[in-house]
There are 2 protein chains.
Amino acid sequence: MNFISRDTDYAVRALIYMARQPKAEVVTVDDIVKKERLPERFLRRILQKLARKGFLASNKGKGGGFSLVRSPGGIRLTDLMETFQGKMNLTNCLLKGRICPNVMRGCLLRKKLRAIGKELDNKLNKITIASLMKG
Amino acid sequence: MNFISRDTDYAVRALIYMARQPKAEVVTVDDIVKKERLPERFLRRILQKLARKGFLASNKGKGGGFSLVRSPGGIRLTDLMETFQGKMNLTNCLLKGRICPNVMRGCLLRKKLRAIGKELDNKLNKITIASLMKG
DNA sequence: TCTTAATAATACTATTTTAGTATTATTAAA
DNA sequence: TTTAATAATACTAAAATAGTATTATTAAGA
Ligand code: FES
Ligand code: FES
């Protein structure tokens, strides 16, 4: 079971690559594909999604490409995970539809997981693209 | 994205139910199904797996059923997650096959996730069936 | 204005995981 | 020897994941 999905991972790579460019330049998908060796079509879809969500600006036409909108320090790993994997849910009750005797209140398992989940979130929230750029 | 899969969840319910029985009795699948409202066939497969893995003993034939082998305090949530979901992997590199420039050593993302993952493990490891029985 | 180099949008497909069902065999008590 | 239980295995349906393919749109620049 993977915590990070493939598209989240690809997005991280691409964003780090873009953030490394001097002067927030427009970067072409082809460029990223060549340097980071990611699958082109799939990466396009990922970048499009990032653009729709406001992480990137896309510039069509000749000389076009994608450019960062938000600063690398403002893009958290958890934002990307949420974008591509949906909100990470440590505590979802899977019995709900079927017959959950105690939707959340009083459910010890969920209560414990919730506490742990909060601490996990706090830590994950500190990971940003900027914090990953030194590597 | 769910952290706990459905079969892990069902296993937890079933084990708590069994642990609550006085005297580590043999419990029949039908009984669990009725009380916990879990899908019978699917639950059977789950219990069989728990038996193969040494959590339960199965007694065939008339008067048979499943019984706990390990004490409720000795069954950790993480054991069950590992059994049904495979080891939770916070740090798998998904680029590996494709061209990972730095398998783990020097990869900041993995390094950070590894540290967080360890703390998460420590906390999850404290959740046992026994610790969930009061609810 | 026409060509061209770029992305956009959308639909399709293949694989894997998840969740469940069905069938047949085995066992042991009564 | 009947019967009430599980075992083992194979099958299936649905959802998530990881892509691919096709066609449309845009804007720079000769
Ligand atoms: S069983 Fe539903 S919240 Fe615990
Ligand atoms: S990219 Fe492979 S370990 Fe980081």
Side-chain angles (χ1 to χ4, degrees), chain A residues 1-11 13-14 18 25-34 37-53 55-67 69 80-81 83-89 92 94-98, chain B residues 1-11 13-14 18 25-34 37-53 55-67 69 80-81 83-89 92 94-98:
Chain A
M1 186 206 192
N2 284 323
F3 190 70
I4 305 287
S5 79
R6 201 168 286 256
D7 33 17
T8 301
D9 210 341
Y10 288 0
R13 301 299 142 192
M18 294 180 72
E25 263 170 28
V26 167
V27 176
T28 134
V29 176
D30 259 20
D31 190 15
I32 303 176
V33 165
K34 265 170 202 144
R37 303 278 204 145
L38 303 175
E40 188 213 328
R41 312 267 183 172
F42 193 34
L43 180 60
R44 278 187 195 284
R45 251 204 356 196
I46 288 169
L47 296 182
Q48 278 162 30
K49 195 165 194 177
L50 287 174
R52 277 199 302 280
K53 298 281 183 181
F55 296 95
L56 299 178
S58 81
N59 309 94
K60 287 186 185 177
K62 197 166 183 177
F66 290 92
S67 55
V69 170
L80 300 173
M81 289 176 68
T83 298
F84 293 103
Q85 311 177 41
K87 211 162 178 57
M88 176 36 137
N89 205 329
N92 243 3
L94 299 168
L95 310 184
K96 220 181 275 179
R98 189 173 285 279
Chain B
M1 186 207 190
N2 284 323
F3 190 69
I4 305 286
S5 78
R6 201 169 286 256
D7 35 16
T8 302
D9 211 340
Y10 288 179
R13 300 298 140 192
M18 293 181 72
E25 265 170 25
V26 166
V27 176
T28 134
V29 176
D30 259 19
D31 190 14
I32 304 176
V33 164
K34 266 171 204 142
R37 302 278 205 144
L38 304 174
E40 187 213 327
R41 312 266 183 172
F42 192 34
L43 181 61
R44 280 188 193 283
R45 251 204 356 196
I46 289 170
L47 296 182
Q48 278 162 31
K49 195 164 193 177
L50 288 174
R52 278 199 301 280
K53 297 282 182 179
F55 296 95
L56 299 178
S58 82
N59 309 94
K60 287 186 188 178
K62 196 165 184 174
F66 290 92
S67 55
V69 170
L80 300 173
M81 290 177 68
T83 297
F84 294 104
Q85 311 178 41
K87 209 162 182 55
M88 175 36 136
N89 205 330
N92 243 4
L94 299 168
L95 310 184
K96 221 183 272 175
R98 189 173 287 277

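Each chain gets a letter, A, B and so on, in the order the sequences are listed, and its residues count up from 1. Heavy-atom basis, side chains included; hydrogens, waters and symmetry copies ignored.
- Spacing between atom CG of Asn2(B) and atom P of dA15(D) amounts to 14 Å, rounded to whole angstrom units.
- Side-chain atoms of Arg6(B) stay outside donor-acceptor range of the base of dG20(C), with no qualifying N/O pair under 3.5 Å.
- Across the protein-nucleic acid pair, Arg41(A) atom CZ and dT20(D) atom P stand 8 Å apart, rounded to whole Å.
- Between Tyr10(A) and the phosphate of dG19(D), there is a side-chain N or O to OP1/OP2 separation shorter than 4.0 Å.
- With 3.5 Å as the limit, one finds a donor-acceptor pair spanning the side chains of Asp7(A) and Ser5(A).
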What pairs of nitrogen or oxygen atoms, one from the protein and one from nucleotides 2-7 of chain D, lie under 3.5 Å apart?
{"unit_1": "dT6(D)", "atom_1": "OP1", "unit_2": "Val29(B)", "atom_2": "N", "d": "2.8"}
{"unit_1": "dT6(D)", "atom_1": "OP2", "unit_2": "Arg44(B)", "atom_2": "NH1", "d": "2.6"}
{"unit_1": "dT6(D)", "atom_1": "OP2", "unit_2": "Arg44(B)", "atom_2": "NH2", "d": "3.2"}
{"unit_1": "dT6(D)", "atom_1": "O3'", "unit_2": "Ser58(B)", "atom_2": "OG", "d": "3.4"}
{"unit_1": "dA7(D)", "atom_1": "OP1", "unit_2": "Ser58(B)", "atom_2": "OG", "d": "2.2"}

Inset, instruction - Begin from the C-alpha positions of Leu50(A) and Phe84(A) and carry the test side-chain contact (heavy atoms from CB on, under 4.5 Å) through to its verdict. - result: CA-CA 9 Å; Leu50(A) 287 174; Phe84(A) 293 103; 3.8 Å; yes
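- Rounded to the nearest 0.5 Å, atoms CD (Glu40(B)) and CZ (Arg45(B)) are 13.0 Å apart.
- A distance of 10.0 Å separates CG in Asp30(B) from CG in Leu43(B), rounded to the nearest 0.5 Å.
- At whole-Å resolution of the value, CG in Leu38(B) and P in dG20(C) are 10 Å apart.
- Put simply, the side chain of Phe55(B) does not reach to within 4.5 Å of the side chain of Leu47(B), judged on heavy atoms.
- Looking at Leu56(A) and Met18(A), their side chains come closer than 4.5 Å, going by heavy atoms from C-beta outward.
- Between the CZ atom of Phe42(A) and the P atom of dT15(C) there is a distance of 15 Å, rounded to whole Å.
- Across the protein-nucleic acid pair, Leu43(B) atom CG and dT21(C) atom C1' stand 14 Å apart, rounded to whole Å.
- Distance, Asp31(A) CG to dA5(C) C1': 15 Å, rounded to whole Å.
- Atom CD of Gln85(A) and atom C1' of dA15(D) are 16 Å apart (whole Å).
- Atom-to-atom, NZ of Lys49(A) to P of dA9(C) comes out at 13 Å; the value is rounded to the nearest Å.
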